[in-house]
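Here the structure comes first, spelled out in structure tokens, and everything after it is commentary.
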Amino acid sequence: MLQQEAAAFIHYLEDEISCSSHYVTTSNQLFFSHGGDRYSYKLAGQTIVRKINNDGYITVCYDVEKLNFTANDEGVLLQLTLKKGNQSWVVETFFPQHLMGEVEV
């Protein structure tokens, strides 16, 4: 179940990243622009929430133990750990810059 949750989140994020531009990361937050709107993904308790222009939010991933975004000149690295009870799932995936716009390191 955790594997499916992680895969769904990554697929959702990858779809948005591929049509967006100008990325900024902090340890557990990702910000980018798309169509004049400012998007953010951030850790809120044990969930990842997505906001557009800081107006409301939608939960895009549950059972999050750790979330880390790291940007460099080549793209953005996502490190995610999900945990429910005694089960955990660790994922690390890289979104290369050619999928994205300008990355601010």
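Computed from a prediction, not measured in an experiment: that's the story for all the values here. Basis for what follows: all heavy atoms, side chains included, without hydrogens, waters or symmetry-related copies.
- Atoms CG and CD, from N28 and Q79 in turn, are 12.5 Å apart once rounded to the nearest 0.5 Å.
- Listed by first then second residue, pairs satisfying salt bridge (charged side-chain N to carboxylate O under 4.0 Å, His left out) with a partner in residues 55-65 number zero, not counting sequence neighbours.
- Between the side chain of Y23 and the backbone N or O of I17, at least one donor-acceptor pair lies under 3.5 Å.
- Using a 4.5 Å heavy-atom threshold, the side chains of I10 and F95 count as touching.
- Interatomic distance, NZ of K66 versus OG of S88, reported as 9.5 Å (0.5 Å rounding).
- The shortest side-chain heavy-atom distance between V64 and T81 does not fall under the 4.5 Å cut-off.
- Heavy-atom minimum distance, I52 versus R50: CD1-NH2, 3.4 Å.
- Defined by atom type and a distance below 3.5 Å, a donor-acceptor pair is missing between the side-chain atoms of N72 and T70.
- Side-chain contact check for I48 versus T59: every heavy-atom pair is 4.5 Å or farther apart.
- Through direct or relayed side-chain contacts under 4.5 Å between Ile, Leu, Val, Met, Phe, Trp and Tyr, V49 connects to Y57.
- The shortest non-hydrogen separation linking T47 to Y62 is CG2-CD2, 3.8 Å.
- What you find for L82 and L80 is that their closest heavy atoms are CD2-CD1, 3.9 Å.
- Applying the ring pair (Phe, Tyr, Trp, His ring centres under 6.0 Å) test to F9 and every residue at least two apart in sequence or in another chain returns nothing.
- In this structure, E5 does not pair ionically with K84, as no charged nitrogen and carboxylate oxygen lie closer than 4.0 Å.
- From L67, atom CG reaches atom CZ of F69 across 4.5 Å, with rounding to the nearest 0.5 Å.
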(request) Carefully, step by step, assess L78 and E92 under the rule side-chain contact (heavy atoms from CB on, under 4.5 Å). (result) CA-CA 6 Å; L78 164 68; E92 186 172 292; over 6 Å; no

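- Partner of Y41 under the side-chain contact (heavy atoms from CB on, under 4.5 Å) criterion, chosen from Q29, E16, K51: E16.
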